[in-house]
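Numbers restart at 1 for each chain; the letters A, B, ... are given by sequence-line order, proteins then strands.
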Amino acid sequence: MAVAYARRETLHGAWWVGWTDAGVCATALPETSERSFAALLRAQHGDGVAPADAGAIPEAVDWSVVPDGFRKDVLRACAAIPAGEVRSYGELAAAVGKPRAARAVGTVMATNPLPLLVPCHRVVRGDGTLGEYGAGGPARKAAMLGAEGVALDGGAAAARVLPSRA
DNA sequence: ATACCGGCTAGCC
DNA sequence: GGGCTAGCCGGTA
């Protein structure tokens, strides 16, 4: 299947997006070189990788890039977090039916194949502190959340917007 | 099987 | 609040 890619202008910069007829299958940070992003797509789908018009980027995500199981469940649950809100690792764990798997959720976030599209930056610690961010570190996480309107109090998200604690 | 590692948490000082 | 510690769980070697 042919793979197309383009830079998409977003609130957080011009991220790379790769896709096929099945949907978006990869994303990468703005500072990623075109060369390495294309290489990633080739590794994932083989040859037939070519630049295309950003206007052709599909809405849908190609979830087939993630094998069924805990990982996919967590990623999909994360994808459902609206911009401007945050959830804790534990909440995400509970959302997929494994309330004690917060740690494992962190591992999934750390290996998110679709950063930005699967908004792993919206997942913070239970106490509101931001926690880590693989695709650019905590500073970038803070910047992204700030851009999305999440109130940040010092190094923490002031509100978790949903269930929350007192 | 088994051991170790990590974007975590809850409980205790 | 801060700094432990011991549990936790799914990957991966």
Residues A:Phe37 and A:Ala28: closest non-hydrogen pair is CD1-CB, 3.5 Å
List in chain and number order the residues that pass side chain to side chain contact (heavy atoms under 4.5 Å, CB included) with A:Ala101, two or more places apart in sequence or in another chain; answer none if no residue qualifies. A:Phe70, A:Ala93, A:Lys98, A:Ala104
Dot-bracket for DNA chain B, 5' to 3', with Watson-Crick and G-U pairs under 3.5 Å, [ ] for crossing pairs and | for other-strand pairs: what is it? .|||||.||||||
Contacts of type side chain to side chain donor-acceptor pair (under 3.5 Å), residue A:Arg71, not counting sequence neighbours: A:Thr111
Nucleotide N/O to protein N/O under 3.5 Å, stretch nucleotides 11-13 of chain B:
none

Show every donor-acceptor pair shorter than 3.5 Å between a side-chain atom in residues 53-60 of chain A and any protein atom, with sequence neighbours excluded, or say none if there are none.
residue, atom, partner, partner atom, Å
A:Asp53, OD1, A:Gly55, N, 2.6

Determine all donor-acceptor pairs shorter than 3.5 Å in which one atom belongs to a side chain in residues 135-147 of chain A; sequence neighbours excluded.
residue, atom, partner, partner atom, Å
A:Arg140, NH1, A:Glu31, OE2, 3.0
A:Arg140, NH2, A:Glu31, OE1, 3.4
A:Lys141, NZ, A:Tyr89, OH, 3.2
A:Lys141, NZ, A:Val123, O, 2.8
A:Lys141, NZ, A:Leu130, O, 2.7
A:Lys141, NZ, A:Glu132, O, 2.8

Per-pair distances, 0.1 Å, donor-acceptor, side chain in residues 61-69 of chain A, under 3.5 Å, sequence neighbours excluded:
residue, atom, partner, partner atom, Å
A:Asp62, OD1, A:Ser64, N, 3.1
A:Asp62, OD1, A:Ser64, OG, 2.6
A:Asp62, OD2, A:Ser64, OG, 3.3
A:Asp68, OD1, A:Lys72, NZ, 2.8

Collect all protein-nucleotide pairs involving nucleotides 7-9 of chain B in which both atoms are nitrogen or oxygen and the distance is under 3.5 Å.
residue, atom, partner, partner atom, Å
B:dG7, N7, A:Ala110, N, 3.3
B:dG7, O6, A:Met109, O, 2.5
B:dG7, N2, A:Tyr89, OH, 3.3
B:dG7, N2, A:Cys120, O, 2.6
B:dG7, N2, A:Lys141, NZ, 3.1
B:dG7, N3, A:Tyr89, OH, 2.8
B:dG7, N3, A:Glu132, O, 2.9
B:dC8, OP1, A:Arg125, NE, 2.6
B:dC8, OP1, A:Arg125, NH2, 3.2
B:dC8, N3, A:Arg103, NH1, 3.3
B:dC8, N4, A:Arg103, NH1, 2.4
B:dT9, OP1, A:Tyr89, N, 3.3
B:dT9, OP1, A:Gly126, N, 2.9
B:dT9, OP2, A:Gly126, N, 3.1

Expressed as a whole number of Å, how far does the C1' atom of B:dG6 sit from that of C:dC8? 12 Å
State which residues pass side chain to side chain donor-acceptor pair (under 3.5 Å) with A:Tyr133; sequence neighbours excluded, sorted by chain then number. none
Residues in residues 61-81 of chain A with a heavy atom under 4.0 Å of DNA chain C, by number, are A:Phe70, A:Arg71
Filter on side chain to side chain donor-acceptor pair (under 3.5 Å), then keep only pairs touching residues 113-122 of chain A, sequence neighbours left out; what's left? A:His121-A:Glu148, A:Arg122-A:Glu148
Backbone N or O of A:Ala26 within a donor-acceptor pair of the A:Gln44 side chain at under 3.5 Å? no
Nearest heavy-atom neighbours spanning A:Ala79 and A:Pro119: CA-CD, 3.7 Å
Could you measure the distance from the OG1 atom of A:Thr27 to the OH atom of A:Tyr5? Nearest 0.5 Å is fine. 15.5 Å
Partner set under side chain to side chain donor-acceptor pair (under 3.5 Å) for A:Glu9, not counting sequence neighbours: none
